K.L.:
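Next up is a structure, given as structure tokens.
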Amino acid sequence: MADKPLIAITGASSGIGEAVARAFSKAGHPLLLIARRLDRLEGLGLPNVVLKKADVRDRAALVEAVREAEAQYGPVDMMFANAGVARLGDIATQPPEDWDEMIDINTKGVMNSVHAVMNGMIARKHGTLMMMSSIAGRQVYPDHTVYCGTKFFVHAVSESLRGYMAPHDVRVIVISPGIIDTEVLDGVRDETTLANYKANKAAIGGGISADVVADLILNAYQLPQRAIVQEIVITPTRQTY
């Protein structure tokens, strides 16, 4: 058993998920890392980890991953429901299959992640749900139609969950990044949308490092359990919308 509690992270193989894994590992936490790319998880080379190849759309797989990790390291004290995809594109020409993927991963996947740990947290009266949203969950953008819808969903669910979990001393925190240097553009197949995104990113001097976001998440988690930063909104200084 480790001295510090177990942290679970979905979508841990790259981007903000990977950065959060490194930050919490450096802080001495054992980790449950979940992603579809097991080779990327193995490549992180972090100590005291349980690595699980799983898709957040598979509710049973998440429950089993949590069960296995908790048997080794004790209860999950924070679930970072981070896995998500951004299939940005013109809504009139975008394949509906892209909508399905975003809705299933960004909304159902988040709920599956919460489901895997919430009853344990309620029973222990301790824990943190870290919910990955976006500034696209606070306002809408051209060519982000369904993506924005999924992130607005995360905000709405998080507000409701926060009220439900608060009497059990469980925190629900929403993380809403702007333009961050991650692989998010890999999911954009619409050439016009991709060009516009890259032009906007260049106009503001580029995105910011995922490590900056990870440090904020760690700091919010490390506050006393009776204190909560309800939402973290972080963007490059030059990004004003």
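Note: hydrogens, waters and symmetry copies are ignored here, and every other heavy atom, side chains too, is used. Values in this document were obtained by computation on a predicted structure and should not be read as measured data.
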K.L.:
Would you call D181 and K201 a salt bridge, using N to O less than 4.0 angstrom?
P.N.:
yes
K.L.:
With a 4.5 Å cut-off on side-chain heavy atoms, are L38 and L51 touching?
P.N.:
yes
K.L.:
Can you list everything that forms a side chain to side chain contact (heavy atoms under 4.5 Å, CB included) with D90? Sequence neighbours excluded, please.
P.N.:
A92, T93, D143, D190
K.L.:
Of all the heavy-atom pairs spanning Q222 and A27, show the shortest one and how long it is.
P.N.:
NE2-CB, 4.4 Å
K.L.:
Find out whether L129 and V117 are in side-chain contact, i.e. whether some heavy atom of one side chain is under 4.5 Å from a heavy atom of the other.
P.N.:
yes
K.L.:
Would you kindly confirm whether I16 and V188 end up in one hydrophobic cluster when ILVMFWY residues are joined by side chain heavy atoms under 4.5 Å apart?
P.N.:
no
K.L.:
Locate the shortest heavy-atom distance separating I228 from V172; write the atom from each residue and the value.
P.N.:
CD1-O, 3.3 Å
K.L.:
So which heavy atom on H155 is nearest to which on G137, and how close?
P.N.:
ND1-O, 3.5 Å
K.L.:
Restricting to non-hydrogen atoms, name the atom on I208 and the atom on I180 that form the minimum distance, rounded to 0.1 Å.
P.N.:
O-CG2, 3.2 Å
K.L.:
For residues R138 and E231, determine if any side-chain heavy atom of one lies less than 4.5 Å from a side-chain heavy atom of the other.
P.N.:
yes
K.L.:
Can you spot which of T10, I175, I34, V20 makes a side chain to side chain contact (heavy atoms under 4.5 Å, CB included) with N82?
P.N.:
T10
K.L.:
Using 4.0 Å as the upper bound for N to carboxylate O, is an ion pair formed by D169 and K125?
P.N.:
no
K.L.:
For Q94 and G89, which heavy atoms make the closest approach, and how far apart are they?
P.N.:
NE2-N, 3.8 Å
K.L.:
With a 6.0 Å cut-off on ring centres, are F24 and Y221 close enough?
P.N.:
yes
K.L.:
Just do the side chain to side chain contact (heavy atoms under 4.5 Å, CB included) check on R171 and Q230 with the steps written out, would you?
P.N.:
CA-CA 8 Å; R171 303 180 297 189; Q230 294 190 6; over 6 Å; no
K.L.:
Go through V170 and Y164 one step at a time and tell me if the side chain to side chain contact (heavy atoms under 4.5 Å, CB included) criterion holds.
P.N.:
CA-CA 9 Å; V170 176; Y164 185 85; over 6 Å; no
K.L.:
Can you find a heavy atom in the side chain of N106 that is under 4.5 Å from one in the side chain of F153?
P.N.:
no
